[in-house]
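Keep in mind that the numbers below use all heavy atoms, side chains included, and drop hydrogens, waters and symmetry copies. Labels below follow one simple rule: chain letters A, B, ... track the order of the sequence lines, proteins then strands, and each chain is numbered from 1.
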Number of protein chains: 2
Amino acid sequence: MAGGARVEAIENSGHLDFPRPLTTVDVVIFAILDDRLQVLLVRRPAGEGEPFPLSLALPGGFVDVAKDRDLAACAARKLKEKTGVASPYLEQLGSWGSAVRDPRGWSATHAYFALIPADAGVLTGDAQWHPIVGGRLKAKLAFDHGEILASAIQRLRNKVEYTSLPAFLMPAEFTLPDLQRVYEIVLDRPLEKSAFRTRILSADMIEPVARMRRGPNRPAQLYRLKKNSEPVYFVRTFNPPE
Amino acid sequence: MAGGARVEAIENSGHLDFPRPLTTVDVVIFAILDDRLQVLLVRRPAGEGEPFPLSLALPGGFVDVAKDRDLAACAARKLKEKTGVASPYLEQLGSWGSAVRDPRGWSATHAYFALIPADAGVLTGDAQWHPIVGGRLKAKLAFDHGEILASAIQRLRNKVEYTSLPAFLMPAEFTLPDLQRVYEIVLDRPLEKSAFRTRILSADMIEPVARMRRGPNRPAQLYRLKKNSEPVYFVRTFNPPE
DNA sequence: CTAAGTAAGTTGGACTGTACAACTAACTAT
DNA sequence: ATAGTTAGTTGTACAGTCCAACTTACTTAG
């Protein structure tokens, strides 16, 4: 009560010298490697006073008010620093803030999630890929990053059900069965071939290139994403999702 | 470059005495009044040094690190203060942060959106309802609140296409045509009666009460939301939304 | 007391896109 | 040649929306 009135008074008088939460940005970066959905994680530093020393964590850190124009730029910067990828699919996931999530005090993080193609994975520094098995990560993460990651996985699965998001996980050229495989990896269930092809081809999001993928059996048509490809939203989900 | 290195150093050494962004929470509160979608707005104070004096703005304010356990609690508090509603549908919308959105400095706001029933609108203080016409608000808002509101409207419309969200805008008892009307108001297009009824009734989210709504013509069955009603997700959208 | 009017609710046929399953096509390896 | 494998197609069943006409239950005007 008293606290609330105090803040109102401060707000009305225009003074800003009250305690501010810490502000961070974290990025959940997904890619498909070894036919599995994987997430990029870093190890926390071991220094004096560091929270969660040597734990695995999402890449991220404090917003730099001198350097970051806005939150999305901050997220893009962190992604670039870890992977070298400049223009991935990058979407805001949500924010997590509380008094207890960081032992250093009240803090709020703005979480983003990114999808990058497998062949764009030029890792720098300490970042490493970790597979998601059964919709979960084995390891425990620092802070509430486990919760954030779970939320990102859920959001991804949800959207894959009715959007073309997996296209952003594909290399420059890919076949329709390749794409279907990625859908199935993310959803962790098989999809119907003919319905899948009908849906994707009628979405006008990919175009054939003049080559075929050759292998030990029938060659498959190669496709690429069309330019300026926003994600496509379908009007139905695939199966009854349970 | 220098700035980034500096922040890294700070982070590694565990010191936290660098500039922090301002942290706020804003809430987009929707209700249906007079057969229109309306949003609750407040007027900014006129005091010395106040940004956007007397402009219309979303209800919100600084996070109070002494009082708010987490962001959702902060949003719920602000909603309660303005409307008296304790348990609305409350969903995180996203966050907006940049160097320039608030003249007082780098700031980030965590935006929520809430749906409350028309008959729960016991306004307190300076808050007032403003209609959304043609998917837009007439007035200009303070800060980037116009952008946040537009995003909330878009999110709402999107979700109404394939979820039961409008149920949270209804009074305790309502008829199916009432509910359909609310869908149509939000989507700003007519829906097909029989498909609408099939969809809603098979979703197992509402139950009939033992009364009918009587009027100048055929009485209509009254329904209420079932207990513990999470929003329902349908596997199709209504029309091809374009 | 009947007839007209209106909104609630139902019914049936057309259409769209997925589910399922069988099929053909194109290639490699034996 | 033949078997094996994956790419890609075809056809029937089914679910749910779209569209339009219909029946039902009430009020009000005459």
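Atom pair Gln180(B):CD and dA7(C):C1' shows a separation of 12 Å (rounding to whole Å applied). Summarising the geometry, the separation between CZ on Phe238(A) and C1' on dC20(C) is reported as 15 Å, rounded to the nearest angstrom. Residue Tyr233(A) contributes atom OH, which lies 20 Å from atom P of dG17(C) at whole-angstrom precision. Between the C1' atom of dC26(D) and the CZ atom of Arg213(B) lies a distance of 15 Å, rounded to the nearest Å. In this structure, Arg197(B) atom CZ and dA20(D) atom P are separated by 19 Å, rounded to whole Å. Atom CG of Leu201(B) and atom C1' of dT17(D) are 15 Å apart (whole Å). Nucleotide dA8(C) holds its C1' atom 8 Å from the CE atom of Met212(B), rounded to whole Å. Rounded to an integer number of Å, the gap from Lys193(A) NZ to dA25(C) P is 14 Å.
His145(B) contributes no side-chain N or O that, together with a main-chain N or O of Ala57(B), makes up a donor-acceptor pair within less than 3.5 Å. Side chain of Gln221(B) to main chain of Arg211(B): a donor-acceptor pair is present (N/O by atom type, distance under 3.5 Å, no hydrogens or angles). Thr109(A) places no side-chain N or O within donor-acceptor distance of the main-chain N or O of Ala111(A), the cut-off being under 3.5 Å.
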Salt bridge (charged side-chain N to carboxylate O under 4.0 Å, His left out), that's the test. Do Arg157(B) and Glu161(B) meet it? Break it down for me. CA-CA 6 Å; Arg157(B) 284 192 167 184; Glu161(B) 202 77 57; over 6 Å; no

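Annotation: of the two residues near DNA chain C, Tyr223(B) and Ser194(A), the 5′-most nearest-nucleotide partner is Tyr223(B). Residues Glu192(A) and Pro219(A) both approach DNA chain D. Their nearest nucleotides, taken by heavy-atom distance, put Pro219(A) toward the 5′ side.
The aromatic rings of Phe168(B) and Tyr89(B) sit parallel, their planes meeting at an angle under 30°, below the 60° perpendicular limit.
Look at Arg236(A) and you won't find any side-chain N or O under 4.0 angstrom from OP1 or OP2 of dG17(C). Side-chain N/O atoms of Arg218(B) include none lying less than 4.0 angstrom from OP1 or OP2 on dG9(C).
Residues from residues 168-178 of chain B that place a heavy atom under 4.0 Å from any atom of DNA chain D: there are none.
The side chain of Arg214(B) has dC26(D) as its nearest neighbour among dC26(D), dG9(C), dT18(C).
Cation-pi geometry between Arg199(A) and Phe238(A) is satisfied (NZ or CZ under 6.0 Å from the ring centre, within 45° of the ring normal). Geometrically, Arg155(B) does not engage Phe113(B) in a cation-pi contact defined by less than 6.0 Å to the ring centre and at most 45° from the axis.
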